[in-house]
Amino acid sequence: MKIFGRYVAFLIAVIALSSSAKADQHLEFIWGHQTTRCTYLSPLTYTGPGYGLSYEWRHPAWRNRSVGMQAHADFNYGYLLSPAKNSRMYDLTFDLEWGVERLWDGGKGFHWSAGATVGIDGGVLYLPRNGNNPAQALMWGGATLTARGEYDRLKLFGKPLRISERIEVPTIGCFFCPAYGETYYEIYVGNHSGLAHFGWWGNRPQIKSRLRADWQLGKYALTLGFDYRFQGLECNDITTRLAQCSGVIGISF
């Protein structure tokens with residue numbers, strides 16, 4: 001917990017300093033359709049609306065503009081129903097990331113970058129109708145590979161328009177998963193073995209795609225976009241699948 005607290009404090013400090021630095025920042029509202037299945041809680045697939053808030057900060061290194069820093073913070077909420085619509089599941093998740101990227105100017109308006117971040121994501125799936133096991137905690141910490149492409153030679157009604165696509169692929173790390181049927185009361189009273197697991201693409205596949213159009217309107221830009229995120233888990237005979245397609249609206253500055 002001390003390491004987690006220090007990481008959060010560091011990320012907050014980076015975001016706070018961004019207000020005095022010439023950085024590319026995005027603040028966005030996300031809404032869409034979410035599908036979730038977690039066999040620790042139920043064999044059924046729950047679907048419904050998903051909402052989120054996202055903040056992104058990018059800054060070229062001060063002495064070397066071929067290298068940049070990046071930070072991200074996302075908060076997501078899902079309000080899901082069972083196929084028979086007689087049971088609700090709530091999904092509350094977050095993620096925090098910080099990292100570096102290599103920047104390339106491709107010429108003729110094209111820009112590319114590739115890098116990596118370290119971070120954490122976590123949250124909870126909550127199914128009120130379950131008596132013994134009403135919730136599944138989600139927690140991951142590790143490294144993520146990132147890639148981005150941009151094109152900024154477009155105009156809309158005489159105003160600059162930038163199109164960008166960003167891909168994030170969590171690669172290696174550590175995640176939390178209890179045994180199938182193991183209650184959190186058992187963990188509370190001392191059964192702490194076998195809860196942490198090494199994670200990679202094979203047992204925790206995950207990908208995020210962020211397509212953006214930034215329309216510059218004076219000092220600020222209107223951001224419209226589309227997000228897709230998929231998160232899976234295969235461990236201890238537990239299967240978790242989360243997929244969401246979302247529209248995005250926000251500002252960049």
Side-chain angles (χ1 to χ4, degrees), residues 10-30 32 52-76 95-119 121 142-172 201 206-230 244-253:
F10 175 75
L11 183 59
I12 291 174
V14 169
I15 294 174
L17 287 173
S18 69
S19 61
S20 61
K22 188 177 180 181
D24 182 13
Q25 303 176 74
H26 285 78
L27 183 62
E28 302 165 343
F29 173 69
I30 301 167
L53 290 173
S54 177
Y55 175 83
E56 178 184 4
W57 175 84
R58 299 177 66 213
H59 192 296
W62 286 270
R63 294 185 180 181
N64 184 355
R65 299 189 66 84
S66 65
V67 177
M69 294 193 304
Q70 52 182 331
H72 307 271
D74 294 320
F75 176 82
N76 298 284
D95 72 78
L96 303 170
E97 301 175 27
W98 179 88
V100 296
E101 57 184 344
R102 177 69 166 85
L103 309 174
W104 291 277
D105 184 353
K108 298 183 179 180
F110 289 99
H111 307 275
W112 315 96
S113 68
T117 64
V118 292
D121 67 60
T144 296
L145 298 178
T146 66
R148 183 194 303 268
E150 297 180 356
Y151 182 70
D152 61 7
R153 293 285 180 88
L154 298 173
K155 287 195 174 183
L156 181 62
F157 298 112
K159 302 293 185 180
L161 179 67
R162 179 178 62 180
I163 306 295
S164 64
E165 167 69 14
R166 173 183 168 86
I167 301 292
E168 305 172 23
V169 183
T171 306
I172 58 171
W201 298 326
Q206 185 172 348
I207 187 169
K208 295 180 182 178
S209 172
R210 305 173 187 259
L211 177 64
R212 297 291 185 271
D214 297 314
W215 189 30
Q216 195 69 40
L217 302 171
K219 183 179 179 181
Y220 300 98
L222 173 66
T223 297
L224 298 175
F226 174 81
D227 274 9
Y228 174 76
R229 67 182 180 118
F230 171 83
Q244 182 174 341
C245 296
S246 305
V248 177
I249 186 170
I251 58 172
S252 61
F253 49 97

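Nothing fancy with the numbering, it's 1 onward along the sequence.
Annotation: side chain of S209 is not in contact with side chain of F230 (no heavy-atom distance under 4.5 Å). Counting only heavy atoms from C-beta outward, the side chains of R166 and T146 approach each other to under 4.5 Å. Side-chain contact between L161 and K155: absent, with no pair of heavy atoms (C-beta onward) separated by less than 4.5 Å. You'll find the side chain of S54 stays beyond 4.5 Å of the side chain of H26, heavy atoms only. Counting heavy atoms from C-beta outward, S113 and R58 have side chains that approach closer than 4.5 Å. The side-chain heavy atoms of W201 and T171, taken from C-beta on, include a pair separated by under 4.5 Å. You'll find the side chain of R229 reaches within 4.5 Å of the side chain of N76, heavy atoms only. Residues H111 and L103 have side chains not in contact (no heavy-atom distance under 4.5 Å, counting atoms from C-beta outward).
We find the CH2-CE distance between W98 and M69 to be 6.5 Å, quoted to the nearest 0.5 Å. Between the CG atom of D214 and the CG atom of L154 there is a distance of 12.0 Å, given to the nearest 0.5 Å. The CG atom of D95 sits 9.0 Å away from atom OG1 of T117, with the distance rounded to the nearest 0.5 Å. Within the model, atoms CD1 of I163 and CG of D152 stand 10.5 Å from one another, a figure rounded to the nearest 0.5 Å. For the atom pair CD1 (I249) and CG (L27), the distance works out to 11.5 Å, reported to the nearest 0.5 Å. Distance check, rounded to the nearest 0.5 Å: CZ of F253 to CD of Q25 gives 4.5 Å.
With no hydrogens or angles considered, no side-chain donor-acceptor pair links T223 and E28 at under 3.5 Å.
Environment of OH in Y220: sparse, with no more than 12 heavy atoms of neighbouring residues, nucleotides or ligands closer than 6.0 Å.
Classified by interplanar angle (parallel below 30°, tilted 30° to 60°, perpendicular above 60°), the ring pair F110/W112 is parallel.
Nearest heavy atoms, P160 versus W215: O-CD1, 3.5 Å. Here the closest heavy-atom approach between residue G109 and residue R153 is recorded as CA-CG, 3.3 Å.
Y228 meets the ring pair (Phe, Tyr, Trp, His ring centres under 6.0 Å) test with no other residue; sequence neighbours excluded. In this structure, the side-chain contact (heavy atoms from CB on, under 4.5 Å) partners of S164, at least two apart in sequence or on a different chain, are E150, R212.
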Kindly determine whether K159 and L222 satisfy side chain to side chain contact (heavy atoms under 4.5 Å, CB included), including the steps that lead there.
CA-CA 11 Å; K159 302 293 185 180; L222 173 66; over 6 Å; no
Go through it in stages, so that I can follow the logic: the residues are H72 and R210, the test is side chain to side chain donor-acceptor pair (under 3.5 Å), and I'd like the CA-CA distance, side-chain angles, deciding distance and then a yes or no.
CA-CA 12 Å; H72 307 271; R210 305 173 187 259; 5.3 Å; no
Determine, step by step, whether F29 and L53 satisfy the side chain to side chain contact (heavy atoms under 4.5 Å, CB included) criterion, reporting the C-alpha distance in whole Å, the side-chain angles of both residues, the deciding distance to 0.1 Å, and the verdict.
CA-CA 5 Å; F29 173 69; L53 290 173; 4.1 Å; yes
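The side chain to side chain contact (heavy atoms under 4.5 Å, CB included) with T144 is formed by just one residue from the set E168, K208, Q206; it is E168.
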